[in-house]
K.L.:
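My questions will all concern the structure given below.
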2 protein chains.
Amino acid sequence: MAIETPAIQRSTRQLALVLAAVQASGREHPTAEAVFARVRRVLPRISLGTVYRNLQRLAADGRIGIAHVGGRSARYDPTITPRDHCLCEQCGRNEYEATPTPGGSVRAAKRAGHQVRGHALVLFGRCRDCTRAA
Amino acid sequence: MAIETPAIQRSTRQLALVLAAVQASGREHPTAEAVFARVRRVLPRISLGTVYRNLQRLAADGRIGIAHVGGRSARYDPTITPRDHCLCEQCGRNEYEATPTPGGSVRAAKRAGHQVRGHALVLFGRCRDCTRAA
DNA sequence: CTCGGTGCAAAGGGTTTGCATACAT
DNA sequence: ATGTATGCAAACCCTTTGCACCGAG
C-alpha cells in the first residue's frame with residue numbers, strides 16, 4: 001500500500017557541506033544564515049534556498065534537529081538525542097548542554113495517553129560573562 | 001540616575017480585552033491571530049498591530065508569557081510561572097500542563113555561573129486522539 | 001489640554017516556493 | 001537519458017513600525 005516513492009536522496013556537495021557545517025558548529029546551534037555563511041566559504045555560489053532545503057531534509061531524515069527557541073529564527077542542532085540547553089538572554093549563546101532528566105513530566109504525559117517522541121528543556125537567564133558585564 | 005520615565009500605562013479597552021482573551025483561552029496558548037479574532041468579536045475595529053503591541057506590553061510587564069515552540073508563530077500564555085507543556089505534533093494542541101521538576105539541569109546551570117530566570121520543558125509527540133486516528 | 005494608544009497600511013525579516021538549468025545516477 | 005537538486009528571485013507569513021487621529025488622564 002506504499003503509494004509514495006521512498007524519495008531516494010542524491011548526495012550532492014551542497015547537502016554534505018550543510019550537514020558538515022551544522023556538525024562543525026558544535027554547541028553553537030547555528031541559524032540558517034550562519035550555516036549559509038560557512039558553506040559559502042567553500043561553495044560561493046550556493047543559495048540560501050538550497051541551505052534551507054537541505055536543512056529541512058536533514059531534519060526530516062533525523063540527521064539533525066531543529067530548535068525554535070526564543071528568537072525569531074530557527075536554530076539547527078547536530079545532536080538528535082534529547083538535550084537540555086541553557087541560553088543566555090543577552091548574548092544568545094548556548095552555555096551548557098546536558099543529557100536530560102525528564103522526571104515526572106514525561107511519565108505524566110505518557111499516562112495521559114501521549115506518545116512522547118522527544119523533549120526540550122530550555123533554561124533562560126544570563127550567562128556568567130553577561131552577568132558580570134551588567 | 002533614572003533618565004527614562006517609568007512609562008506609565010494607560011488602561012484602554014483594547015489592552016484589557018487582549019489580556020482577557022489570553023486568559024480566557026485556558027491552556028490553548030493562542031496565537032496573536034487567535035487573540036485578534038476573539039477581541040474582534042467585542043471591538044470590531046481593533047487592528048492586529050494593536051494586538052501585537054498589547055501582547056508585547058503585557059509580556060514585558062510579566063502579566064503573560066510568550067512561547068516560541070515548534071511552529072512559526074509565537075504563542076501567548078496566561079500563566080507566567082514555569083510550566084511543562086506537551087504538544088501534539090499533529091493537531092498542535094497543548095495536551096497537558098504541569099508544574100515542572102527541573103531536576104539536575106538547573107542545578108548544573110547554576111553551578112556553571114548561569115543566572116537562571118526561568119525554563120521551559122516541551123514534550124513532542126502525539127496526543128491520544130491523533131495516535132488513534134493514525 | 002497632553003501625549004500615549006490606536007487604526008491603518010506599508011515595511012521588515014525569516015522561510016518557502018516556482019521555474020529553468022545543472023548534475024548525480 | 002532521466003529526473004532530482006540547484007540557483008535565482010519572487011512570494012509568503014508573521015511581526016514590527018511610521019504616521020495622523022483619538023481618547024484617557
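Small disclaimer: the values here were computed from a predicted structure and weren't measured. Order of the sequence lines fixes the chain letters, A, B, ..., with proteins taken first and strands second; residue numbering starts at 1 for each chain.
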K.L.:
Might you point out which heavy atoms bring Ala74(B) and Tyr76(B) nearest each other, and give the distance in Å?
P.N.:
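In this case the closest contact between Ala74(B) and Tyr76(B) is O-CE1, 3.8 Å.
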K.L.:
Can you pull out how bent the helix from dC1(C)-dG25(D) to dT25(C)-dA1(D) is, comparing the axes over its first five and last five pairs, to 10°?
P.N.:
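Helix axis angle between the two ends: 40°.
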K.L.:
Expressed in angstrom and rounded to an integer, what is the separation of Arg75(B) atom CZ from dC14(D) atom P?
P.N.:
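In whole Å, dC14(D) P lies 11 Å from Arg75(B) CZ.
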K.L.:
Round to a whole Å and report the spacing from CZ of Arg10(A) to C1' of dA1(D).
P.N.:
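Computing the Arg10(A):CZ to dA1(D):C1' distance gives 11 Å.
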K.L.:
For the atom pair CG (Asn54(B)) and CD (Gln9(B)), what is the distance rounded to the nearest 0.5 Å?
P.N.:
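Interatomic distance, Asn54(B) CG to Gln9(B) CD, rounded to 0.5 Å: 8.0 Å.
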K.L.:
Could you tell me the boundaries of the chain A footprint on DNA chain C, defined by atoms under 4.0 Å from its heavy atoms?
P.N.:
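Counting from the 5' end, contacts occupy dG14(C) to dT25(C).
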K.L.:
Look at all strands and tell whether Ser11(B) reaches a base, only sugar-phosphate, or nothing, counting heavy atoms closer than 4.0 Å.
P.N.:
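Sugar-phosphate, no base atom in range.
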K.L.:
Among residues two or more places apart or on two chains, list those pairs meeting side-chain hydrogen bond (donor to acceptor under 3.5 Å, both in side chains) that have a residue in residues 38-52 of chain B.
P.N.:
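Residue pairs passing side-chain hydrogen bond (donor to acceptor under 3.5 Å, both in side chains), neighbours aside: Ser47(B)-Thr50(B).
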K.L.:
Mind checking if Gln56(B) touches a base, just sugar-phosphate, or nothing, with heavy atoms under 4.0 Å?
P.N.:
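Sugar-phosphate only.
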K.L.:
Gln14(B) has an atom CD; how far is it from atom P of dC21(D), in whole Å?
P.N.:
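Taking atom P of dC21(D) as the reference, CD of Gln14(B) is at 18 Å.
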K.L.:
Would you check if Leu55(A) and Ile64(A) make a side-chain contact, meaning some heavy-atom pair closer than 4.5 Å?
P.N.:
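Of all side-chain heavy-atom pairs linking Ile64(A) with Leu55(A), at least one is under 4.5 Å.
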K.L.:
Can you measure Gln9(A) atom CD to dT6(D) atom C1' for me and round it to whole angstrom units?
P.N.:
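Computing the Gln9(A):CD to dT6(D):C1' distance gives 14 Å.
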K.L.:
Tell me, please, which residues at least two apart from Thr31(A) pass side chain to side chain contact (heavy atoms under 4.5 Å, CB included).
P.N.:
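Glu33(A), Ala34(A), Ser73(A), Arg75(A).
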K.L.:
Both Thr12(B) and Tyr76(B) contact DNA chain D. Which one's nearest nucleotide lies toward the 5' end?
P.N.:
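The residue mapped nearer the 5' terminus is Tyr76(B).
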K.L.:
For DNA chain D, find the residues of residues 45-54 of chain B with a heavy-atom distance under 4.0 Å and give them by number; none if there aren't any.
P.N.:
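When residues 45-54 of chain B is checked for heavy atoms under 4.0 Å from DNA chain D, the hits, listed by number, are Leu48(B), Gly49(B), Tyr52(B), Arg53(B).
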K.L.:
Return a table of donor-acceptor pairs under 3.5 angstrom between the side chains of residues 10-25 of chain A and protein atoms on other chains or two or more places apart.
P.N.:
{"residue": "Thr12(A)", "atom": "OG1", "partner": "Leu15(A)", "partner atom": "N", "Å": "3.1"}
{"residue": "Ser25(A)", "atom": "OG", "partner": "Ala21(A)", "partner atom": "O", "Å": "2.8"}

K.L.:
Below 3.5 Å between N/O atoms, which protein atoms pair up with nucleotides 10-13 of chain D? Just atom names and distances, please.
P.N.:
none

K.L.:
In this structure, how many angstroms lie between the P atom of dG7(D) and the CG atom of Leu17(A), rounded?
P.N.:
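For the pair Leu17(A) CG and dG7(D) P, the rounded distance is 11 Å.
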K.L.:
Could you tell me how far apart Leu43(A) (CG) and dG7(D) (P) are, to the nearest whole angstrom?
P.N.:
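It is 7 Å, rounded to the nearest whole Å.
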K.L.:
What heavy-atom pair brings Leu48(B) and Ala32(B) nearest, and what distance separates the two atoms?
P.N.:
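Minimum heavy-atom contact is CD1-O, 4.4 Å.
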